[in-house]
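Just so it is clear, the values below take in all heavy atoms, side chains as well, and ignore hydrogens, waters and symmetry mates.
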Amino acid sequence: MTTPERLLAIAGVTVVASAALLVAYLRQSNPADAQATGCDAQRAQLSQTLDQVRFSTSAAHAASTALHDTAATRTKYADMIVALRRSGDLAHLSASTSERVRNDLAQASWILDSQDEPLHHAAALLGEDERQLTTAMPLIAEASADIREDDCPALSLTVSRSGWPKDRLILELSEASRLSADVNDKLETVLGLILDAQNAVHPETVATQQSGR
């Protein structure tokens, strides 16, 4: 596994783990569902914040999982290219077929390499979103204490100081998901090139793989 792939894997695991912890925390400590009767306006504001936290947590989990899968697919295709290039069967092909296979593999490698930047950017966005989501935990704890004490001014101040809701967070999650989807589209092209090369080198193997789909 290359350094970029390790970073993506670490980012994915971190966001998924943080999302799971935050979901569990929200289920166990929800000040918006507390039994106190006062602070209706402040509680409504907090409820909106918690709705965004829940949505963002779920979206971060999904985006992180998708990014991790995309990085794993990229690694798989890179390994397939290496295996084909090292295959001794290339030497037994005609000159024209061998040249075509090498060109297909070179193009596939170039496309894979060009995905490093968008994958890094998506991982960085998710890392920042994970950091932002962790700020919801102290917010929930402080808001819970304010509600228990029926301190409406303190609750209002707690929510306003928290910076939630965070509109930019939704935009960053959307961008990370878009980048991951774009890379997946490129990987479909890479797979087509690899299969073409495999068909030239091992036509019977490709035929078996395609019939088993």
Are any non-hydrogen side-chain atoms of [X] and [Y] less than 4.5 angstrom apart?
X: Leu191; Y: Leu195; value: yes
X: Thr57; Y: Arg54; value: no
X: Arg74; Y: Thr70; value: no
X: Asp129; Y: Ser56; value: no
X: Asp79; Y: Thr75; value: yes

Euclidean distance, [Y] [atom2] relative to [X] [atom1], rounded to 0.5 Å:
X: Leu173; Y: Ile170; atom1: CG; atom2: CD1; value: 6.0 Å
X: Arg86; Y: Leu84; atom1: CZ; atom2: CG; value: 11.5 Å
X: Leu126; Y: His61; atom1: CG; atom2: NE2; value: 11.5 Å
X: Asn184; Y: Asp69; atom1: CG; atom2: CG; value: 8.5 Å
X: Leu119; Y: Leu67; atom1: CG; atom2: CG; value: 6.0 Å
X: Arg131; Y: Glu128; atom1: CZ; atom2: CD; value: 4.0 Å

Exercise for the section: Establish whether Leu155 and Leu50 are linked, either directly or via other cluster members, by ILVMFWY side-chain heavy-atom contacts under 4.5 Å. Expected result: yes

Exercise for the section: Examine Leu169 and Leu125 and state if one hydrophobic cluster contains both, with Ile, Leu, Val, Met, Phe, Trp and Tyr joined whenever side-chain heavy atoms are less than 4.5 Å apart. Expected result: no

Could you pull out the closest heavy-atom pair between [X] and [Y], with the gap in Å?
X: Asp151; Y: Ala154; value: OD1-N, 3.1 Å
X: Ala108; Y: Leu193; value: N-CD1, 3.7 Å
X: Ser109; Y: Ile81; value: OG-CG2, 3.5 Å
X: Ala200; Y: Arg100; value: CB-NH2, 3.8 Å
X: Ile194; Y: Tyr77; value: CD1-O, 3.7 Å
X: Leu139; Y: Thr158; value: CD1-CG2, 3.8 Å

Problem - Side-chain ion pair, Glu99 and Arg102, N-O less than 4.0 Å - result: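 No, no charged N to carboxylate O under 4.0 Å.
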
Problem - Pairing of Asp182 and Lys186 as salt bridge, 4.0 angstrom limit - result: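 The answer is no: the pair does not qualify as a salt bridge.
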
Exercise for the section: Determine yes or no for a side-chain-to-main-chain donor-acceptor pair under 3.5 angstrom, with Ser64 supplying the side chain and Ala60 the backbone. Expected result: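 Side chain of Ser64 to backbone of Ala60, a donor-acceptor pair under 3.5 Å: no, none is there.
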
Handout entry: Sidechain-backbone polar pair: Ser180 side chain, Ser177 backbone, donor-acceptor under 3.5 Å
Key =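 Here the side-chain-to-backbone pair does not exist.
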
Problem - Over 12 non-hydrogen atoms of neighbours within 6.0 angstrom of CZ in Arg168 - result: no

